[in-house]
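Nothing here was measured: the structure is a model prediction, and the numbers come from that model.
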Amino acid sequence: MTTSISRAASGRVESPSGALMVVDGRTLLCFGGSSYLGLGSAPELLDAGCAALRQFGASTHLARHYGFSAGANQEAEAEARSFFDVDDAMYFGTGYLFGLIALAGLAPDCDAIYLDECAHYSLRDGANATGKPVHLFAHRDADDLARSLERTLGPGERPLVATDGMFPTFGVIAPLQAYARAIASRGGWLVVDESHAFGTLGPRGRGAVEAAGLSFEHVVTGGSTAKAFGAHGGLALGSARAIASLWRTPVARGAVLGCSAGAAMTAQSLRHIRQHPDILVRLRDNARALKDGLRELGLKVEDSDGPVATFVHGGAQEMQRIQAALWDQGIFIAYSTYVGAGPEGVLRCATFADHTPQHIDRLLTTLRSLL
């Protein structure tokens, strides 16, 4: 009997996330989700989280605007400043808050906001909450952005461009250098959600901004630490002036602290990656092996440096059949209708640093029998 998609989607997860996961008592080989560096069960991260809970409790009830700062949050921010080589950083409770915090903080310095049409929901929410005019431009199209700037901005008006660094569904990367050039003469800001690019792109795993070679002048980046970094919470990174503006936003004043365990695990994860650069090498080797193997099966996947390999094969029913058949054989990939997917959906695979060559071969061999 074929397992239904709804049954797969409601499985009870009983282990940390990674290449192998226990769901409903069964061990699955997982190529779904975003545990890119395979740190979900890293003992040093778990130990750091437990120690923070014992020392600080779950969180402090006194926010920074009262003159207090949680010790675990301070540690996460210090490690983020070092890891990303940036003037300042802020840690907050979940990556989804990044759009609300960053766009609200920079709103006084812009007159209109320009969003990639496939930008993450969090950036859309943040843009709409500012009350500024919001304009969409074609996905990853710097020329369309330039045309929109010319058409909608008056003399002396300043733009803010917001985009994902690496888009979650197809793993494609924004042309950040071109965006920065388009807004430089207008004194514009670039806001980049790095949730899926943190730990996956750039020579040191700092994200799409590092991969593009951009400085943090008029650039603010941030996003989730619950994906590649295997922790919990969110970060915002930028100049000291920019981060000071972010701290003055209503979200930063009212909902920013998060859990001490998440902050401590974020700090430990950044230390771990800096001390073990081979983890980035393993991830990139696995990404190449997966993408090359999918292409050999005749599937079209994007040619990017990220770990996401997404493809379309037939219509929605056919792709759901493939996903269900893989599930029955103990392998999970995602049938996704998430932001950026077409009306029929896609099959999204992602490789992690803790996948072995045997794991990748198993997925490819099983897929070959189903196509």
Using side-chain heavy atoms (C-beta onward) and a distance below 4.5 Å, is V209 in contact with F84? no
Residue pair P175 / R140: nearest heavy atoms and the distance that separates them: CG-O, 3.8 Å
Do V308 and F167 touch side chain to side chain, with heavy atoms closer than 4.5 Å? no
Tell me whether the rings of H218 and W189 are parallel (<30°), tilted (30 to 60°) or perpendicular (>60°). parallel
Does the distance from a Lys or Arg side-chain N to an Asp or Glu carboxylate O, for R368 and E296, drop under 4.0 Å? no
What salt bridge (charged side-chain N to carboxylate O under 4.0 Å, His left out) pairs are there with at least one residue in residues 225-242, not counting sequence neighbours? D109-R241
Please confirm whether F31 and H359 have ring centers closer than 6.0 angstrom. no
Not counting sequence neighbours, which residues clear side-chain hydrogen bond (donor to acceptor under 3.5 Å, both in side chains) with R284? List them please. none
For A119 and V339 the tightest heavy-atom approach is O-CG2, 3.8 Å
Between the side chains of T225 and T266, is a donor N or O closer than 3.5 angstrom to an acceptor N or O? yes
Spell out, yes or no, whether V86 and L235 are grouped together once hydrophobic residues are joined by side-chain heavy atoms under 4.5 Å, including indirect joins. yes
Those residues that, when tested against R248, pass side-chain contact (heavy atoms from CB on, under 4.5 Å) (two or more places apart): A244, S245
Please answer: with hydrophobic residues joined when any side-chain heavy atoms are less than 4.5 Å apart, are L160 and L100 in the same cluster? yes
Any salt bridge (charged side-chain N to carboxylate O under 4.0 Å, His left out) pairs touching residues 195-224, not counting sequence neighbours? R204-E210
Counting C-beta onward and ignoring hydrogens, is there a side-chain heavy-atom pair between I113 and V191 closer than 4.5 Å? no
State, yes or no, whether a side-chain contact exists between I243 and D87 at a heavy-atom distance under 4.5 Å. no
Kindly state each residue pair satisfying salt bridge (charged side-chain N to carboxylate O under 4.0 Å, His left out) with at least one member in residues 163-190, sequence neighbours excluded. E150-R186
With clusters defined by side-chain heavy atoms of hydrophobic residues (ILVMFWY) lying less than 4.5 Å apart, directly or transitively, does V134 cluster with L153? no
Partners meeting ring-ring contact (aromatic ring centres under 6.0 Å, His included) with Y121 (sequence neighbours left out): Y338
So do the side chains of V346 and S336 get within less than 4.5 Å of each other, counting heavy atoms only? yes
Do other residues, nucleotides or ligands put more than 12 heavy atoms under 6.0 Å from the CZ atom of R295? yes
Do R271 and E75 have side chains that approach each other closer than 4.5 Å (heavy atoms only, starting at C-beta)? yes
Checking side-chain polar atoms at under 3.5 Å, does H196 have a donor or acceptor matched by the opposite partner on Y36? yes
So, do D88 and R81 sit near enough that their side-chain heavy atoms are less than 4.5 Å apart? yes
Hey, would you say the F83 and F198 ring centroids sit under 6.0 Å apart? no
